[in-house]
Amino acid sequence: VVLASNAQFRKTVYKLIIDMQPSGVEISMDLDDDQSFDVPSDWKGEYYPTRVPKGFSPAAGNSGALELWDDSNHMITLEEKDPQSRAWIDTNGATMEPLNLNGKSAFLFEKTYQDGRKYNTAVVNLDDRYFIISTMNMTRSETVDIASSIRRVSGH
């Protein structure tokens with residue numbers, strides 16, 4: 001098992017292969033497809049969702065957020081916050097639902113603006129920090145799927 005703390009391993013995770021031979025043991029590493037996931041090179045956080053839908057590319061974010069866009073004008077915004085940080089979410093007229101995502105407490109806010117834009121925002125408690133995923137023009141289930149896939153990518 002390799003923890004993705006090294007910059008070389010941030011995008012891929014390898015598993016140790018031990019092959020027992022009569023004369024010795026051959027040791028090698030192999031890509032673990034079940035554990036590997038892409039992390040954009042400019043992401044500096046300790047956590048990242050492993051199931052970002054295909055077709056999304058990073059764009060310039062603001063104040064530490066990373067924006068991902070696809071060709072159909074869907075957006076995903078990712079933010080990782082430490083316990084001392086505060087975040088603001090527009091919840092005027094929104095619905096709120098508590099969630100349990102892989103044993104972690106979370107909240108999902110859903111809001112539709114008058115111009116038709118629909119936002120889903122998931123806030124996930126990761127014990128030592130919290131993660132905010134906002135989606136625009138995506139479904140509730142897509143947002144929850146992304147939020148439930150958050151994994152540690154560095155060993156800080």
Side-chain angles (χ1 to χ4, degrees), residues 1-14 31-156:
V1 175
V2 174
L3 188 63
S5 61
N6 183 306
Q8 294 175 322
F9 293 118
R10 282 184 64 84
K11 290 189 177 183
T12 54
V13 179
Y14 292 83
L31 179 65
D32 188 345
D33 291 326
D34 293 334
Q35 297 297 319
S36 65
F37 55 95
D38 287 334
V39 178
S41 59
D42 53 348
W43 181 255
K44 304 300 181 212
E46 293 186 32
Y47 294 86
Y48 197 79
T50 63
R51 290 193 302 263
V52 174
K54 291 184 183 192
F56 280 86
S57 300
N62 54 29
S63 65
L66 178 66
E67 289 183 3
L68 306 168
W69 290 83
D70 72 359
D71 292 337
S72 301
N73 204 33
H74 297 115
M75 182 194 68
I76 303 169
T77 303
L78 306 171
E79 294 181 78
E80 183 178 306
K81 302 284 191 179
D82 62 38
Q84 292 74 37
S85 299
R86 294 185 181 265
W88 186 84
I89 299 170
D90 180 3
T91 59
N92 185 24
T95 61
M96 183 190 79
E97 174 186 357
L99 300 173
N100 182 326
L101 302 176
N102 302 318
K104 303 291 184 189
S105 63
F107 291 94
L108 180 69
F109 301 93
E110 295 181 78
K111 179 171 180 156
T112 303
Y113 287 88
Q114 288 181 337
D115 63 5
R117 289 175 298 136
K118 182 174 182 176
Y119 283 86
N120 291 297
T121 302
V123 180
V124 183
N125 176 8
L126 299 169
D127 299 327
D128 62 338
R129 60 197 61 242
Y130 61 99
F131 206 99
I132 303 170
I133 297 172
S134 294
T135 63
M136 182 181 74
N137 300 327
M138 296 177 69
T139 66
R140 174 198 180 282
S141 63
E142 288 172 316
T143 305
V144 171
D145 186 53
I146 296 167
S148 67
S149 75
I150 296 171
R151 300 289 180 267
R152 183 179 291 273
V153 294
S154 68
H156 300 292

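Values below: all heavy atoms of this structure, side chains included; hydrogens, waters and symmetry mates excluded.
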Just so I know, are the side chains of [X] and [Y] near enough to count as touching, which here means a heavy-atom distance under 4.5 Å?
| X | Y | value |
| --- | --- | --- |
| P53 | D70 | no |
| M138 | I146 | yes |
| L68 | L78 | yes |
| Y48 | L66 | yes |
| W69 | M136 | yes |
| D82 | E46 | no |
| K118 | E110 | yes |

Would you give the length of the straight line joining atom [atom1] of [X] to atom [atom2] of [Y], rounded to the nearest 0.5 angstrom?
| X | Y | atom1 | atom2 | result |
| --- | --- | --- | --- | --- |
| I133 | T143 | CD1 | OG1 | 8.0 Å |
| D145 | T139 | CG | OG1 | 9.0 Å |
| I89 | Y119 | CD1 | OH | 13.0 Å |
| N100 | N125 | CG | CG | 11.0 Å |

Tell me if a side-chain donor or acceptor on [X] pairs with a main-chain N or O of [Y] at a distance below 3.5 Å.
| X | Y | answer |
| --- | --- | --- |
| N102 | S148 | yes |
| T50 | S149 | yes |
| D90 | N92 | yes |

Counting only heavy atoms not in D115, do more than 12 fall under 6.0 Å of its CG?
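Counting other residues, nucleotides and ligands, CG of D115 exceeds 12 neighbours.
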Can you confirm whether more than 12 heavy atoms, excluding those of D71, are under 6.0 Å from its CG atom?
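Counting other residues, nucleotides and ligands, CG of D71 stays at 12 neighbours or fewer.
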What closest approach, in Å, do [X] and [Y] show between heavy atoms, and which atom pair accounts for it?
| X | Y | answer |
| --- | --- | --- |
| N137 | H74 | O-CD2, 2.6 Å |
| M96 | F109 | CG-CE2, 3.4 Å |
| K111 | A94 | CB-CB, 3.9 Å |
| T121 | S134 | OG1-OG, 3.1 Å |
| L101 | A147 | CD1-CB, 3.7 Å |
| F131 | Y47 | CE1-O, 3.4 Å |

Kindly state each residue pair satisfying salt bridge (charged side-chain N to carboxylate O under 4.0 Å, His left out) with at least one member in residues 130-143, sequence neighbours excluded.
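Passing the test, one end in residues 130-143: E97-R140.
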Going by atom types alone, do R129 and S85 pair a side-chain donor with an acceptor below 3.5 Å?
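No donor-acceptor contact under 3.5 Å links the two side chains.
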